[in-house]
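Small disclaimer: the values here were computed from a predicted structure and weren't measured. Protein chains get the first letters and strands the later ones, always in sequence-line order, with residue 1 at the start of each.
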Amino acid sequence: MAITVYNTLSGKKEPFEPLRPGHVGIYLCGPTVYKPSHIGHAVGPIIFDTIKRYLTFRGYKVTWVVNVTDVDDKLIDEAARQGTTTVELGRRVLADYLAAMKKLNIGYPGDDHAPGDLRTAGGGIDHMPKASEHIGDICRIIQTLIDRKHAYVLGGDVYFDVTSDPDYGKLSHRSIEDQEGQRELKSGDKRHPGDFALWKAAKPDEPDEVKYDSPWGKGRPGWHIECSAMSARLLGETFDIHGGGMDLVFPHHENEIAQSESATGRVFAKYWLHHGLTRFNTKKVSKSDTSPEALAAMKRMTLHNLLAELTPEHVRFFVLSTHYRRPIDFSDDNLEATKKGLERFYTLFERVQRETGRSVYEAVDRAGPLGGSGSSGDAGSEHHARFVEAMDDDFNTAGAIAALHDAVSPINALMDRGGAAPDDVLTLAGGLMQRGRLLGLFLIPPTAAPAASDEKLGEVMQVLLEVRQRLRKKKDFETGDFIRDALTRIGITLKDRSDGTDWKME
RNA sequence: GGCGGCGUACCCAAGUGGACCAAGGGGACGGAUUGCAAAUCCGUUAUUCGUCGGUUCGAAUCCGACCGCCGCCUCCA
């Protein structure tokens, strides 16, 4: 059984064979920290965290890098608009991004999870390099490109010469000639309109903190080059997987390939994995769309607001319920449907705990991550096989979630029949949970309802339920139902069971 | 205009040549259970995969044309 991945470079699914057996290097293009991150910025991390968890389960040692672009024109403009520095702005936006990563159980360097924390085990970002801290590496690559006649200096700028790279366009499958058609490209003084900046000379009105020294004078790196420099530094000149959103295929990734391969003469990345873009009611979520609807949608889609509105697990489940290469459409209807799907699992885990007297979470915590030495559960089951088969096939999380759902009914049916051995129920539910955890789900029990921790409310509910119970004994169902309906309206649902009544608050 | 992706039931969504007269979730409907609900279980809900042609013993899956939707097309943004 082998893992296959869809490679944008070839346009096909290919068997996944890392360069170094047992080791995988992954580079994911991260955020440019100039505006609050939105859901689109979380999709890559969620998917690649899941990929890493799965590859770890399959026995690979994975090193995952996510870069932070903190030197950029947009950053300079936005900082000026806000009357602050690029450093302060970048720091603030990055903190907001990391807070979201933390909520989503995506580990990162410097987070406060203990080593081996179950929430992030198997996944997590290993390095988050910043462009501003790799100027030296960047300059060295540029110099190499100049020496090898792949780049030229123009004033204080340095440009990459696309005609010097015979492969240019191989990722996005477009030739240099293709781009000379319809659209009029202004070339300025560049030799070719397709040539792109490796280094930009500082302009007088720009803040001092973005004026870096270089052999070509003060300035700053162009977009693209930081990824070539930082990936080489942390993963080597050739590494396994390079990922990012579909919108980065051209020009960003195309240019990264051109620079890196022209500088090193070696293959840059073996597999290119691009995830679909996030839409809101069928439109791409984009920071540059300034229509009123888009701005309103953006406000809601901002990670800060979205994670206040939805549970992080719901966001993750929602993202993973579509194959990563396809676009994800955020809409209230779609969110509602996945929320109900997710609740099916919670309901099951609660029921198992009630009927066996043991928490599935605790049982699985003790067993450790699936694939580890202490693995328990139904690892040999048909459901497990289907799960693995789906994930092996280009990380088909949608198919894997279907396999998760398939395991729910049989467990409920087993308990419905009565008389099942608690160990059997726990084994099945534990196996289901362990697979879910490979997707970063079911890591911790869903947050208790805010009121469940409020002692007074709990006591009041006890009284209310007792009153209702007495009414029902006297067959006064009308009043009993009135209490239930009234509570439902304020977001508290009751569930009558033969041995008592459960209540739950939204 | 070029390049790329997509179009599967009421909605979301997997499947990309035979194990598919098409997973899974949501919804709806019927049954079991329940005082009634909730939850749960059982069942029904696409002989068909945008349209039309073609290749093939065989196609949702390959090819062509067309229709529709989306993304990208480079400093400046």
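Ring pair His274(A)/His253(A): centre-to-centre distance below 6.0 Å. Aromatic ring centroids of His242(A) and Tyr27(A) lie under 6.0 Å apart. Within the 6.0 Å centre-distance limit, the rings of Phe318(A) and Phe330(A) are counted as a close aromatic pair.
Counting atom types as modelled, Asp393(A) pairs no side-chain N or O with a base atom of G15(B) as donor and acceptor under 3.5 Å. With hydrogens and angles ignored, a donor-acceptor pair under 3.5 angstrom links the side chain of Arg484(A) to the base of C36(B).
Taking side-chain N and O atoms only, Lys340(A) has a distance below 4.0 Å to OP1 or OP2 of G27(B). Between Arg325(A) and G5(B), a side-chain N or O to OP1/OP2 separation shorter than 4.0 Å is absent. Within the structure, a side-chain polar atom (N or O) of Ser409(A) is placed less than 4.0 Å from OP1 or OP2 of C41(B).
When rounded to the nearest whole Å, the span between NE2 of His405(A) and C1' of C41(B) equals 17 Å. One atom, CG of Asp394(A), and another, C1' of A14(B), lie 13 Å apart when rounded to the nearest Å. Rounded to an integer number of Å, the gap from Leu9(A) CG to G4(B) C1' is 14 Å. Rounding to whole angstrom units, CZ of residue Phe250(A) and P of C3(B) are separated by 14 Å. Straight-line distance from the NE2 atom of His253(A) to the C1' atom of C3(B): 16 Å, rounded to whole Å.
Residue contacts for His323(A): at a heavy-atom cut-off of 4.0 Å it reaches the sugar-phosphate backbone alone, with no base atom in range. Residue contacts shown for Lys200(A) are limited to sugar-phosphate atoms, with no base heavy atom under 4.0 Å away. In this structure, Asn396(A) reaches the sugar-phosphate backbone alone: every heavy-atom distance under 4.0 Å involves primed, P, OP1 or OP2 atoms, never a base. Contact annotation for Arg472(A): base contact, defined as any heavy-atom pair under 4.0 Å involving a base atom.
Between Arg470(A) and Asp476(A), no side-chain nitrogen of the basic residue sits less than 4.0 Å from a carboxylate oxygen of the acidic one, so the salt-bridge criterion is not met.
Tyr271(A) and Phe16(A) have tilted rings, their planes meeting at an angle from 30° to 60° on a 0 to 90° scale.
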ring-ring contact (aromatic ring centres under 6.0 Å, His included) evaluation trace for Phe349(A) with Phe442(A):
CA-CA 10 Å; Phe349(A) 295 139; Phe442(A) 319 138; 5.1 Å; yes
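For Glu382(A), the CD atom is loosely surrounded, since the number of other residues' heavy atoms within 6.0 Å does not exceed 12.
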For RNA chain B, what dot-bracket results from Watson-Crick or G-U pairs at under 3.5 Å, with [ ] for crossers and | for inter-strand partners?
((((((((.[[[..)..(.....]]]((((((.......))))))....[[[[[..)....]]]]])))))))....
